[in-house]
S.K.: 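Dumping the structure here so I can ask a few things about it.
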Amino acid sequence: MTKSPAAADQTGKIVAWYDRHHRDLPWRISPPMAARGIRPDPYKVWLSEVMLQQTTVQAVKSYFTLFTAKWPTVTGLAEAETEEVMKAWAGLGYYARARNLKKCAEAVAYSHGGRFPDTEEGLKALPGIGDYTAAAIAAIAFDRPAAVLDGNVERVISRLNAVDAPLPGSKPLMRALVARMTPTARPGDFAQAMMDLGATICTPKRPACALCPVNESCAALASDDPERFPVKAGKKERPVRLGAAFVAIDETGAVFLRKRPGHGLLGGMTEVPNTDWTARQDGDTGTDTAPFDGKWHDCGTVVHVFTHFELRLTVFRSRVSRTTAAGQGVGPGWWEPEESLAGEALPSVMKKAIKQAIPDAFQPRPRAIEPMQSRG
DNA sequence: AATTCGTGGGC
DNA sequence: TGCCCAAGAAT
């Protein structure tokens with residue numbers, strides 16, 4: 001593809017900026033390391049890219065460390081129990097990513113000889129890998145000059161070129177503009193440079209244009225209002241849904257849990273029994289929908305904001321014996337001991353509901369003070 | 001093409 | 001406080 005002199009000039013300045021100002025991240029091979037011949041591990045590139053989909057660097061760090069310690073290779077992840085993967089992913093959100101992560105690991109381990117495909121097309125055929133992630137892995141792990149376009153790059157590109165057309169319709173144009181800038185030398189570092197630039201300089205609010213390596217050729221800065229870009233389509237309002245959740249506690253302090261269906265909202269994750277979440281405002285959030293009869297104590301309401309609706313969940317608590325609960329027809333599920341609740345595949349909304357019913361549920365259990373042991 | 005799909009932090 | 005945002009993918 002033809003590269004305009006202006007675009008090539010911007011590319012050189014951005015990669016040079018990256019050499020000086022790149023972020024050091026747990027999954028990244030920084031330029032000094034790369035200069036010593038260290039190559040990225042495609043498994044870690046893939047894992048980090050999936051975790052980073054719509055998720056902040058800060059949130060991903062601890063999960064990445066945990067996953068790579070627990071499963072150092074893609075084959076190890078492929079051989080893991082899906083439930084263990086969901087437990088490890090719990091709290092990170094967008095749980096289809098975890099389900100697809102496991103499927104993708106299995107495909108790579110069992111259908112690709114344990115090695116990731118090294119082309120965009122091959123990568124994109126795998127579960128959970130779309131346009132962005134395929135291009136990112138191809139560029140970063142395999143040195144392919146793929147056009148990497150994520151939210152950061154969209155912001156940088158739309159400002160450099162003052163793209164007036166709104167997202168997401170302007171995506172093909174943006175992709176073409178990135179492709180025009182993508183070098184054949186160090187395409188992976190160029191991609192990461194664009195993302196670092198968007199994350200640290202070309203920020204959504206109050207961009208630090210004075211520190212930008214390409215401020216002289218930025219159309220948005222020249223037009224004096226860089227914050228106007230990227231232009232986005234209007235967002236829809238967020239409806240409210242109501243529901244009730246039931247925290248049943250047995251004589252040992254164990255909590256009754258069950259499994260959600262494998263697809264859809266919070267698919268494959270663990271939950272406490274709860275009603276459907278509906279838009280109805282007539283108050284069908286009472287104990288008539290409880291999983292079994294009993295004295296249900298109203299613990300109040302928790303509010304949880306999902307991407308496309310806000311949930312107001314009325315939480316009820318009941319102390320029952322297992323035999324009583326079983327006799328009253330408690331549905332499929334299991335009693336989870338209090339001390340292992342924190343390790344379950346509970347999404348944040350469920351932890352929030354359980355905390356509402358049992359405020360110290362996820363606190364480290366107070367332990368008896370043991371006498372100091374003398375050694376020798 | 002438009003919806004669905006989490007969560008936490010910043011301002 | 002409410003809104004925006006974050007290395008998007010699947011359907």
Side-chain angles (χ1 to χ4, degrees), chain A residues 23 25-28 44-64 86 89-101 103-104 123-141 146-156 166-169 171-172 174-175 178 188 190-200 202-206 227 230 232-241 260-269 271 277 302-311 345-352:
Chain A
R23 292 177 291 176
L25 300 171
W27 46 85
R28 173 175 286 178
K44 292 183 178 176
V45 174
W46 162 72
L47 178 61
S48 66
E49 290 300 340
V50 173
M51 286 183 165
L52 286 161
Q53 289 165 5
Q54 294 291 286
T55 308
T56 58
V57 165
Q58 185 54 39
V60 164
K61 282 182 178 172
S62 63
Y63 285 85
F64 178 82
M86 302 312 285
W89 196 276
L92 200 52
Y94 285 138
Y95 298 100
R97 291 185 297 171
R99 291 179 257 130
N100 285 329
L101 190 81
K103 290 181 193 164
C104 183
L123 288 161
K124 203 182 160 185
L126 293 167
I129 299 182
D131 288 335
Y132 162 75
T133 304
I137 298 172
I140 297 170
V148 176
L149 184 65
D150 77 324
N152 288 305
V153 180
E154 283 170 0
R155 194 164 52 253
V156 173
L167 283 167
K171 216 170 230 187
M174 302 248 208
R175 195 179 307 284
V178 183
F190 170 71
Q192 295 178 92
M194 291 288 276
M195 293 190 275
D196 278 20
L197 191 60
T200 65
C202 196
T203 50
K205 302 295 178 189
R206 299 174 58 94
E227 276 190 29
K232 294 188 177 180
K235 15 225 168 270
K236 306 191 339 186
E237 66 179 78
R238 187 166 7 229
V240 173
R241 295 187 197 175
R260 291 180 65 87
H263 296 285
L265 186 68
L266 308 178
M269 301 299 284
E271 66 178 5
W277 302 339
V302 296
V303 177
H304 190 79
V305 180
F306 291 94
T307 304
H308 54 294
F309 66 93
E310 173 184 315
L311 176 64
L346 291 163
S348 291
V349 62
M350 291 300 157
K351 286 191 174 180
K352 207 181 280 188

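Basis for what follows: all heavy atoms, side chains included, without hydrogens, waters or symmetry-related copies. Lettering follows sequence order; numbering is per chain, from 1.
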S.K.: What nucleotide among dT3(B), dT7(B), dC5(C) has an atom nearest to a side-chain atom of Lys235(A)?
M.R.: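 Of the candidates, dC5(C) comes closest.
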S.K.: Does Arg155(A) put a side-chain nitrogen or oxygen below 4.0 Å from OP1 or OP2 of dA6(C)?
M.R.: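 Answer yes for this pair, as a side-chain N or O of Arg155(A) is under 4.0 Å from OP1 or OP2.
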S.K.: Any chance you could measure Arg155(A), atom CZ, to Met195(A), atom CE, to the nearest 0.5 Å?
M.R.: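 So the CZ of Arg155(A) and the CE of Met195(A) are separated by 12.0 Å.
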S.K.: Is the closest side-chain donor-acceptor distance between Glu49(A) and Tyr132(A) under 3.5 Å?
M.R.: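 Short answer, yes.
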S.K.: Starting at atom NE2 of His308(A), determine the distance to atom P of dA10(C), rounded to an integer number of angstrom.
M.R.: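 Distance, rounded to whole Å: 18 Å.
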S.K.: With a 4.0 Å cut-off on heavy atoms, is Leu92(A) in touch with a base, just the backbone sugar-phosphate, or nothing at all?
M.R.: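 Since a base atom lies under 4.0 Å of Leu92(A), the category is base.
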S.K.: How would you label the contact of Trp27(A) with the nucleic acid (heavy atoms, under 4.0 Å): base, sugar-phosphate, or nothing?
M.R.: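 Contact class for Trp27(A): base.
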S.K.: Starting the side chain at C-beta, find the nucleotide from dG6(B), dG8(B), dA7(C) nearest to Tyr94(A).
M.R.: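 Among dG6(B), dG8(B), dA7(C), the one nearest the side chain of Tyr94(A) is dG6(B).
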S.K.: Which whole-number value in Å describes the distance from Phe309(A) CZ to dT7(B) C1'?
M.R.: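 Between C1' of dT7(B) and CZ of Phe309(A): 13 Å.
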S.K.: Using atom C1' of each nucleotide, how far apart are dA10(C) and dG8(B) to the nearest Å?
M.R.: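 Their C1' atoms lie roughly 24 Å apart.
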S.K.: Taking only the side-chain heavy atoms of Ala199(A) (C-beta and beyond), determine which of dT7(B), dC5(B), dA7(C) contains the nearest atom.
M.R.: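 The answer is dA7(C).
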S.K.: How many Å lie between CD on Glu310(A) and C1' on dC4(C), as a whole number?
M.R.: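 So the CD-C1' distance, Glu310(A) to dC4(C), works out to 15 Å.
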S.K.: Do the two ring centres, one from His304(A) and one from Phe306(A), sit under 6.0 Å apart?
M.R.: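 Centroid distance His304(A)-Phe306(A): below 6.0 Å, so yes.
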S.K.: When rounded to the nearest Å, what value does the distance between C1' atoms of dA6(C) and dC5(B) take?
M.R.: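 Approximately 15 Å lies between the C1' atom of dA6(C) and that of dC5(B).
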S.K.: Write down the distance between CZ (Phe190(A)) and C1' (dA7(C)), rounded to a whole number of angstrom.
M.R.: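 Atom-to-atom, Phe190(A) to dA7(C), this comes out as 15 Å.
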S.K.: Would you call Asp131(A) and Lys171(A) a side-chain contact if the rule is heavy atoms closer than 4.5 Å?
M.R.: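 A side-chain contact is absent here, since even the closest heavy-atom pair is not under 4.5 Å.
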S.K.: Using atom CD of Gln192(A) as one end and atom P of dA7(C) as the other, report the distance to the nearest whole Å.
M.R.: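 After rounding, the gap between these two atoms is 13 Å.
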S.K.: Taking only the P atom of each, what is the distance from dC11(B) to dA7(C) in whole angstrom?
M.R.: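 It works out to 15 Å between them.
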S.K.: To the nearest Å, how far apart are Lys124(A) NZ and dA10(C) P?
M.R.: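 Distance check: Lys124(A) NZ to dA10(C) P gives 9 Å.
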S.K.: What contact category does Arg23(A) fall into here, base, sugar-phosphate, or nothing, at under 4.0 angstrom with non-hydrogen atoms?
M.R.: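 Base, at least one base atom sits under 4.0 Å.
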S.K.: Taking atom P in both dA9(C) and dG9(B), what distance in whole Å separates the two?
M.R.: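 Straight-line distance between the two P atoms is 24 Å.
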S.K.: Would you please classify the geometry between the Trp277(A) ring and the Phe309(A) ring as parallel, tilted or perpendicular, with 30° and 60° separating the classes?
M.R.: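 The rings of Phe309(A) and Trp277(A) sit tilted, inter-plane angle from 30° to 60°.
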S.K.: When we call it a touch if two heavy atoms are under 4.0 Å apart, what does Thr307(A) touch: a base, just sugar-phosphate, or nothing?
M.R.: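 Answer is base: heavy atoms of Thr307(A) come under 4.0 Å of a base.
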S.K.: Quick one: CG on Leu25(A) to CD on Gln192(A), what's the gap to the nearest 0.5 Å?
M.R.: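 So the gap between those two atoms works out to 8.5 Å.
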S.K.: Under 4.0 Å, counting only non-hydrogen atoms across every strand here, what does Leu25(A) touch: a base, just sugar-phosphate, or nothing?
M.R.: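 Touches a base.
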S.K.: Using a 4.0 Å heavy-atom cut-off across all strands, classify Gly91(A) as base, sugar-phosphate, or nothing.
M.R.: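 Touches sugar-phosphate only.
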S.K.: Reading DNA chain B from 5' onward, which residue's closest nucleotide shows up sooner: Met350(A) or Pro168(A)?
M.R.: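 Counting from the 5' end, the first nearest nucleotide belongs to Pro168(A).
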S.K.: Using 0.5 Å steps for rounding, measure from the OG1 atom of Thr307(A) to the OH atom of Tyr94(A).
M.R.: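 OH of Tyr94(A) is found 3.5 Å from OG1 of Thr307(A).
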S.K.: Determine the contact category for Pro127(A): base if any of its heavy atoms lies under 4.0 Å from a base atom, sugar-phosphate if only primed atoms, P, OP1 or OP2 are that close, otherwise nothing.
M.R.: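 Counting heavy atoms under 4.0 Å across all strands, the contact made by Pro127(A) is with sugar-phosphate only.
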S.K.: If you check the Lys232(A) side chain, which of dC5(B), dA7(C), dC5(C) turns out closest?
M.R.: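 Minimum distance to the Lys232(A) side chain belongs to dC5(C).
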S.K.: Provide, to the nearest angstrom, the distance between the NZ atom belonging to Lys171(A) and the C1' atom belonging to dA9(C).
M.R.: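 Rounded to the whole Å, the gap is 10 Å.
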S.K.: Strictly below 4.0 Å, heavy-atom distances to any atom of DNA chain B: list the hits from residues 46-60 of chain A, or just say none.
M.R.: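 Result for residues 46-60 of chain A: Gln54(A), Thr55(A), sorted by number.
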S.K.: Tell me: CG of Asp150(A) to C1' of dA9(C), nearest whole Å?
M.R.: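 My rounded result for the distance is 14 Å.
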S.K.: Which residue, Lys352(A) or Lys236(A), contacts DNA chain B at a nucleotide closer to its 5' end, judged by nearest heavy atom?
M.R.: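 Taking each residue's closest nucleotide, the earlier one in sequence belongs to Lys236(A).
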S.K.: Would you say His304(A) reaches dT7(B)'s phosphate, i.e. side-chain N/O to OP1/OP2 under 4.0 Å?
M.R.: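 Result: yes.
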S.K.: Assign Arg238(A) to base, sugar-phosphate, or nothing according to its heavy-atom contacts below 4.0 angstrom with the strands shown.
M.R.: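 Here Arg238(A) touches no strand at all.
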S.K.: Starting the side chain at C-beta, find the nucleotide from dA6(C), dA7(C), dT7(B) nearest to Tyr95(A).
M.R.: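 Output: dT7(B).
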S.K.: Give the C-alpha distance, both sets of side-chain angles, the deciding distance and a yes or no for salt bridge (charged side-chain N to carboxylate O under 4.0 Å, His left out) between Arg238(A) and Glu310(A).
M.R.: CA-CA 7 Å; Arg238(A) 187 166 7 229; Glu310(A) 173 184 315; 5.7 Å; no
S.K.: Tell me whether Arg99(A) contacts the main-chain N or O of Gly268(A) through its side chain, where contact means a donor paired with an acceptor under 3.5 Å.
M.R.: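 It does not hold such a pair.
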